[in-house]
Amino acid sequence: MSTAYKMLVNGQWVEAKSGKTFGVTNPATEESLGTVPEAGPEDLDLAVKAARAALEGPWGKMSAADRGRLIWKAGELLLARIDDLSKLETANQGKPIFESSKIDLPWSAGCYQYFAGWATKIYGDTVTVGAGSFNFTLKEPVGVIGAIVPWNFPILIATWKLAPALAAGCTVVLKPASNTPITALKLGEIFTDAGFPPGVVNVITGPGSKTGAAMATHPGIDKISFTGSTESGVKLMQECAPSLKRITLELGGKSPSLVFADADLDAAVRGATGGIFFNKGEMCSAGSRLLVEDKVYDTVVTKLTERTAKLLQGDPMDPKVRVGPQTSDAQRKSILAYIASGKEQGAKVVAGGEPFSVNGKGFFVKPTIFAEVKPAMKIAQEEIFGPVLAVMRFKDAEEAVRVANDTCYGLAAAVWTNDVKKAHRAARALKAGTVWVNTYGLNDPAVPFGGYKQSGFGRDLGRECLESYLQTKAVWMDLS
Ligand code: NAD
């Protein structure tokens, strides 16, 4: 069934003014899922004007408690639609239905409900100054937010931007990635159904190089909140520079997990396979480098291959499937090129290492593990963004931390050990925005998430992220 989707601008479902559209594909079947509008400058302009009018009108004038109630309602409506939205997410993104229905959708609902509570808890300070004056600070919304999000967690990452921005009192123009736009448009329905005033949330679709870049230079957008690749983040920052537009960047990663010999090795192997094969490795925080202490290296590699062999790959709509197709053919090709480079540079394939299909269709790559990887190899340095694990050896904690920190990224890391001192020391020494100890991938809307180094700056989630959607005004009054 082919559907012609429309965009959400000022509370209306519209086509692009140019009438242009582009197609969206199901990565498991390679069938068309329909078309979405290709937003041009005129459409962006209308969306930004609507967001500004809502900011200065009904949204700006609404009480914080009422805003919070609406945000909470968005979470409730999302929970009520887990079934249809998770099917659409899986159809468009390729992630197993198990993940979209048990993780992406419930976590998104929880995120709206967490930030709903913040709407009424934003306040400034009174500041002690000289006796002749009175000073207080106001916390005001930054304004119109341009949220640009990637294709790996279409609903969840859109939510990570929308929920805090709305709690802070901002309005939003959301642009999903061009290959996964459908559920972002459906998210638009949640806001209209919940009763948000028109223009508070606008969803426009189009390619990053045109629509996304136009958002960065649009004078009516006050801040860009971006999640995507480091390469696009650099371009966006350059595009934002001439107008000094605010920007926060959540970028790529090459996250290391350190497995010490004293660890619970079965737990470490469960964490490592989940850390790399969840969402078929299309995860900014994928645990793509596993550093294992020499004396347990062979045991860990054997356990990894055994566990990986049991992962069911196939039709992502099957609730038993744990590894779906990559989101696009381009992504599959890029991953296969990395696999070829790993082989050429002398790493040893101990699982997968090749493409896969279901009835000759789908952009699948088999869950792949490379052993005997050296830290300088391309597969140990660059973000592959696919189901490819690079397993390396280390002799002691000093070497493990040095190798772990030796990439340009710093998004996440993990430590597996039963020695509490070793765990604390490693957690401090690792240069990453998140460190998991004896677990992998835990996430909560209350906990800030973001990168060190070239994994970006600013944080999603938690109180810390709320600050990035607020600005502070200092007010002085003469008492003399
Ligand atoms: P991408 O950078 O190609 O695209 C992300 C978004 O930016 C898309 O909406 C795209 O259309 C848009 N875009 C691309 N070029 C642009 C430009 N010049 N100006 C404005 N917008 C532009 O990333 P992707 O391939 O969709 O996603 C994968 C990347 O996202 C990986 O590197 C991954 O690590 C990263 N990621 C990071 C996090 C995090 O929280 N740090 C989370 C998820 C994904």
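Note that ligands are numbered from 1 as they come in the structure, with each ligand's atoms numbered from 1 the same way.
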With side chains defined as the heavy atoms from C-beta onward, is the minimum distance between P325 and P316 less than 4.5 Å?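 SC-SC contact between P325 and P316 confirmed.
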What are the atoms of ligand 1, with element, lying closer than 4.0 Å to any heavy atom of T227?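 This gives 5 (C), 36 (N), 37 (C), 38 (C), 39 (C), 40 (O), 42 (C), 43 (C), 44 (C) as the contact atoms.
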Geometric N/O contact S232 with ligand 1, under 3.5 angstrom: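 N/O-N/O distance under 3.5 Å: yes.
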Is it the case that the side chains of T183 and E89 hold a donor-acceptor pair, with the cut-off being a distance below 3.5 Å and no angle test?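 Present: a donor and an acceptor within the cut-off.
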Where is the nearest protein heavy atom to atom 33 (C) of ligand 1: which residue, which atom, and how far?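 Here the closest protein heavy atom is F385 CE1, 3.2 Å.
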Under 4.0 angstrom from ligand 1, any heavy atom of M283?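 In this structure, M283 fails to qualify as a contact of ligand 1 - no heavy atom is under 4.0 Å.
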Decide whether an N or O pair under 3.5 Å exists between L251 and ligand 1.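 Among all N and O atoms of L251, at least one is under 3.5 Å from an N or O of ligand 1.
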Quick one: nearest non-hydrogen protein atom to atom 24 (P) of ligand 1, plus distance?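 The closest heavy atom on the protein side is W151 NE1, 3.3 Å.
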Would you kindly say whether K254 and S455 are connected by a side-chain donor-acceptor distance under 3.5 Å?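 No.
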Nearest 0.5 angstrom please: I204 CD1 to L174 CG, how far?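 So the CD1 of I204 and the CG of L174 are separated by 8.5 Å.
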With atom 17 (C) of ligand 1 as the reference point, say which of A147, G208, A184, P176 has the nearest heavy atom.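 The residue whose heavy atom sits nearest atom 17 (C) of ligand 1 is G208.
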Heavy-atom nearest option to atom 27 (O) of ligand 1, drawn from S455, P150, G451: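 Nearest heavy atom to atom 27 (O) of ligand 1 lies in P150.
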Candidate pair E282 and T327, rule side chain to side chain contact (heavy atoms under 4.5 Å, CB included), full reasoning: CA-CA 8 Å; E282 290 170 350; T327 297; 2.8 Å; yes
Check the side chains of T248 and K223 for a donor-acceptor pair under 3.5 angstrom, ignoring hydrogens and angles.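 Side-chain D/A pair, K223 to T248: present.
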Note: R246-D222 ion pair, threshold 4.0 Å (strictly below):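 No.
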Is E383 close to ligand 1, meaning an N/O of one under 3.5 Å from an N/O of the other?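 Yes, there is a polar N/O contact under 3.5 Å.
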Tell me: protein heavy atom nearest atom 44 (C) of ligand 1, and distance?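 Minimum-distance protein heavy atom for atom 44 (C) of ligand 1 reads N152 ND2, 3.2 Å.
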Is S229 in polar range of ligand 1, meaning some N or O pair under 3.5 Å apart?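 Yes; at least one N/O pair falls below 3.5 Å.
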Checking T25 against E30: is there a side-chain donor and acceptor pair closer than 3.5 Å?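 T25 and E30 do not have a side-chain donor-acceptor pair below 3.5 Å.
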Which one of K235, E239, R459, Q331 has a non-hydrogen atom at the shortest distance from atom 19 (N) of ligand 1?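 The residue whose heavy atom sits nearest atom 19 (N) of ligand 1 is E239.
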N or O contact, K175 vs ligand 1, cut-off under 3.5 Å: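 Between K175 and ligand 1, an N or O pair is found under 3.5 Å apart.
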Charged N to carboxylate O below 4.0 Å: is that the case for D83 and K87?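 Between K87 and D83 there is a salt bridge, with a charged N closer than 4.0 Å to a carboxylate O.
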Just checking, any donor-acceptor pair under 3.5 angstrom between side chains of T90 and S100?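 Yes, because at least one side-chain N or O of T90 sits under 3.5 Å from a partner of the opposite role on S100.
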Indicate yes or no: does an N/O atom of G228 lie under 3.5 Å from an N/O atom of ligand 1?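 Yes, since at least one N or O of G228 sits under 3.5 Å from an N or O of ligand 1.
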Starting from atom 42 (C) of ligand 1, locate the nearest protein heavy atom and write down its residue, its atom name and how far away it is, to 0.1 Å.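 Residue, atom and distance for the closest contact: C284 SG, 2.8 Å.
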I'd like to check which ligand 1 atoms, numbered from 1 as shown, lie under 4.0 Å from a non-hydrogen atom of F449.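 With F449 as reference, the close atoms of ligand 1 come out as 40 (O).
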